[in-house]
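Encoded as structure tokens, the structure appears first; notes follow it.
Read the numbers this way: they start at 1 and go in the same order the structure lists the ligands and their atoms.
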Amino acid sequence: MSTRVILLGPPGAGKGTQAQLLAKQLGVVHISTGAMLRDAVAAKSPLGLMAAKVMQAGQLVADDLMVELVQQRVAQDDCAQGFILDGFPRTLVQAQALAAAGVEIDVVIELALDDEVIVQRISGRLVHLASGRTYHRQFAPPKDEGRDDVTGEALVQREDDQEATIRARLQVYHQQTAPLIAHYNDLAQAAAGCICYIRVDASQSVEAVQAALLQRLQAS
Ligand code: AP5
């Protein structure tokens, strides 16, 4: 059976952390549009050169580019068993384009978290850029300070994780992405049984959020 999941929530709510765990549990592909864009920036591709400034400012990359990127990705063979979309859709236009392209979704998971906790979480985040593995100085420290647990390579702070940029990203989230909460709730009610909407309190520990998610998924 295929499981197609949208993971929705503000920056720093733990989407990437939970998506990595859930992808392993469900045996599906984790698709992070943020990670795809960071790869493009690192490769200095035309998309990356264009996206770099937009991301540093905490703004959103153009809808048409993002829709094309995701449509191509979910059409690949490894997505046949399902996927977790982490960071997409981020606007109503993206959500409508996904539906218009015939990409079906089974579950929408919302990770809910207050803005002040978000700033604390993101400002302590460290990432291993090559793998996307994520750590936190206080809440999820690596075994060796500043080093990836698996490769031993250096961890870095993301360019868009400065406090001023975090606040800009939060504003963008509330204006452009939060309307998707009502959008998918309405869809879940209208198409009872086709799309399941799950809201989880993301202020708990990583393990507690994961357990709550799995429990709600099994019950859905
Ligand atoms: P993206 O990479 O998607 O960033 P985001 O949505 O802002 O989310 P984050 O990656 O910051 O946070 P997260 O929710 O994944 O949290 P994480 O698990 O890392 O996008 C970056 C940029 O790309 C955007 O700003 C935009 O410019 C562009 N972009 C991407 N997609 C786009 C789209 N569709 N359209 C247009 N533009 C797009 O956790 C955060 C920290 O908290 C970590 O340190 C982690 O260790 C820690 N943590 C996680 N869970 C817990 C917990 N339960 N308790 C304590 N600490 C925790």
Side-chain angles (χ1 to χ4, degrees), residues 6-23 30-41 47-48 50-71 73-74 84-95 97-98 109-115 117-129 131-142 149 155-162 165-178 180 200-213:
I6 287 175
L7 206 45
L8 197 62
K15 299 184 298 296
T17 302
Q18 295 300 329
Q20 289 203 353
L21 296 169
L22 203 55
H30 172 199
I31 301 174
S32 159
T33 45
M36 289 164 92
L37 289 172
R38 283 185 286 281
D39 287 347
V41 171
L47 172 66
M50 186 281 306
K53 278 191 185 146
V54 178
M55 292 169 79
Q56 265 178 36
Q59 301 299 313
L60 296 182
V61 175
D63 285 331
D64 54 344
L65 294 176
M66 298 311 300
V67 168
E68 196 185 331
L69 197 67
V70 171
Q71 249 181 276
R73 184 65 190 89
V74 297
I84 300 174
L85 287 178
D86 160 10
F88 185 95
R90 242 176 166 98
T91 62
L92 277 172
V93 171
Q94 292 180 11
L98 194 67
I109 298 170
E110 177 196 344
L111 295 181
L113 195 63
D114 286 346
D115 286 6
V117 184
I118 286 169
V119 174
Q120 192 189 26
R121 280 201 190 167
I122 299 188
S123 51
R125 171 166 55 193
L126 295 168
V127 290
H128 179 242
L129 282 180
S131 68
R133 275 185 289 278
T134 300
Y135 302 84
H136 190 280
R137 287 193 175 92
Q138 184 184 350
F139 306 128
D149 286 354
L155 301 174
V156 296
Q157 186 175 36
R158 267 169 49 178
E159 298 225 357
D160 58 348
D161 278 355
Q162 311 297 328
T165 314
I166 299 170
R167 301 238 175 236
R169 285 161 61 197
L170 276 171
Q171 204 177 8
V172 166
Y173 171 78
H174 289 299
Q175 283 170 352
Q176 301 194 50
T177 308
L180 292 178
V200 174
D201 171 9
S203 69
Q204 311 168 82
S205 69
V206 171
E207 295 76 19
V209 174
Q210 178 70 182
L213 263 181

- Task: Run the contact test for Gln204 against ligand 1 with a 4.0 Å cut-off on heavy atoms, strictly below, and give the result.
- Result: yes
- Options Gln94, Arg169, Gln20, Arg38, ranked by nearest heavy atom to atom 2 (O) of ligand 1, top entry: Arg38
- Nearest-contact summary for atom 28 (C) of ligand 1 - protein heavy atom, Å: Leu37 CD1, 3.5 Å
- Task: With the side chain counted from C-beta on, respond yes when Val54 and Leu60 share a heavy-atom pair under 4.5 Å apart, and no when they do not.
- Result: no
- Query: Polar-atom distance check: Leu60 versus ligand 1, any N or O pair below 3.5 Å?
  - Reply: no
- Task: Write out the residue and atom name of the closest protein heavy atom to atom 43 (C) of ligand 1, then the distance separating them to 0.1 Å.
- Result: Thr134 CG2, 3.5 Å
- Nearest candidate to atom 10 (O) of ligand 1, where distance is taken over non-hydrogen atoms, out of Gln138, Gln56, Arg90, Arg158: Arg158
- Query: Heavy atom under 4.0 Å from ligand 1: found in Ser205's side chain, backbone, both, or neither?
  - Reply: backbone
- Atom pair OG/CD of Ser205 and Gln210 - distance to nearest 0.5 Å: 10.5 Å
- Item | Which segment of Pro10 sits under 4.0 Å of ligand 1 when only heavy atoms are counted | backbone
- Could you tell me whether a side-chain N or O of Thr134 sits under 3.5 Å from a main-chain N or O of Gly132, the two making a donor and an acceptor? yes
- Message: Checking the N or O distance criterion of under 3.5 Å, is ligand 1 in contact with Gln18?
- Response: no
- Item | Side chain proximity check, Ile6 to Leu98, heavy atoms < 4.5 angstrom | yes
- Close side-chain approach of Val206 to Leu21, heavy-atom, < 4.5 Å: yes
- Without swapping roles, check the side chain of Arg121 against the backbone of Ala13 for a donor-acceptor pair under 3.5 Å. yes
- Do side-chain atoms of Thr91 reach the backbone of Gln176 as a donor and acceptor pair under 3.5 angstrom? no
- Task: Any atoms of ligand 1 less than 4.0 Å from a non-hydrogen atom of Gly16? List them with their elements.
- Result: 13 (P), 15 (O), 18 (O)
- Message: Below 3.5 Å, N or O to N or O, backbone or side chain included: is there any such pair between Gly12 and ligand 1?
- Response: yes
- Got a salt bridge between Arg133 and Asp149, using NZ or NE/NH1/NH2 to carboxylate O under 4.0 Å? no
- Answer yes or no: does atom CD of Glu68 have more than 12 heavy-atom neighbours from other residues, nucleotides or ligands under 6.0 Å? no
- Query: Do Lys15 side-chain atoms and Gly9 backbone N/O form a donor-acceptor pair below 3.5 Å?
  - Reply: yes
- Residue portion contacting ligand 1 (non-hydrogen atoms closer than 4.0 Å) for Tyr135: backbone
- Task: Quickly, which of Leu8, Ile31, Val67 forms a side-chain contact (heavy atoms from CB on, under 4.5 Å) with Phe88? Name it, please.
- Result: Val67
- Kindly confirm or rule out an N or O of Val206 lying under 3.5 angstrom from an N or O of ligand 1. yes
- Query: What do we get for Arg121 next to ligand 1 when only non-hydrogen atoms under 4.0 Å count, side chain, backbone, both or neither?
  - Reply: both
- Message: Using heavy-atom distances only, which candidate in Gln59, Lys53, Gln210 approaches atom 26 (C) of ligand 1 most closely?
- Response: Gln59
- Message: For the 3.5 Å polar cut-off, considering only N or O atoms, please tell me whether Gly87 and ligand 1 meet it.
- Response: yes
- Item | Atom CD of Glu159 with >12 non-hydrogen neighbours under 6.0 angstrom | no
- Thr17 and ligand 1 - part of the residue with a heavy-atom distance under 4.0 Å: both
- Task: Provide the closest heavy-atom pair for Leu111 versus Ala202 in the form atom of the first, atom of the second, distance.
- Result: CB-CB, 3.9 Å
- Examine Lys15 against ligand 1 and note whether any of their N/O atoms are separated by less than 3.5 Å. yes
- Message: I need the nearest protein heavy-atom contact for atom 31 (N) of ligand 1: residue, atom name and distance, please.
- Response: Thr33 OG1, 2.8 Å
- Query: Any N or O of Asp86 that comes nearer than 3.5 Å to an N or O of ligand 1?
  - Reply: no
- Taking the side chain as every heavy atom from C-beta outward, state whether Gln56 and Thr165 have any atom pair closer than 4.5 Å. no
- Message: With respect to Arg125, determine whether any N or O atom, backbone or side chain, lies less than 3.5 Å from an N or O atom of ligand 1.
- Response: yes
- N/O of Val61 under 3.5 Å from N/O of ligand 1, yes or no? yes
- What protein heavy atom sits nearest atom 16 (O) of ligand 1, and how far off is it? Gly14 N, 3.2 Å
- For Ala13 and ligand 1, does the shortest N/O to N/O distance drop below 3.5 Å? yes
- CD1 (Ile166) and CD (Gln171) are apart, to the nearest 0.5 Å, by 14.0 Å
- Heavy-atom nearest neighbour in the protein, as seen from atom 22 (C) of ligand 1, with distance rounded to 0.1 Å: Met55 CE, 3.9 Å
- Counting from 1, what ligand 1 atoms have a heavy atom of Phe139 closer than 4.0 Å? 55 (C), 56 (N)
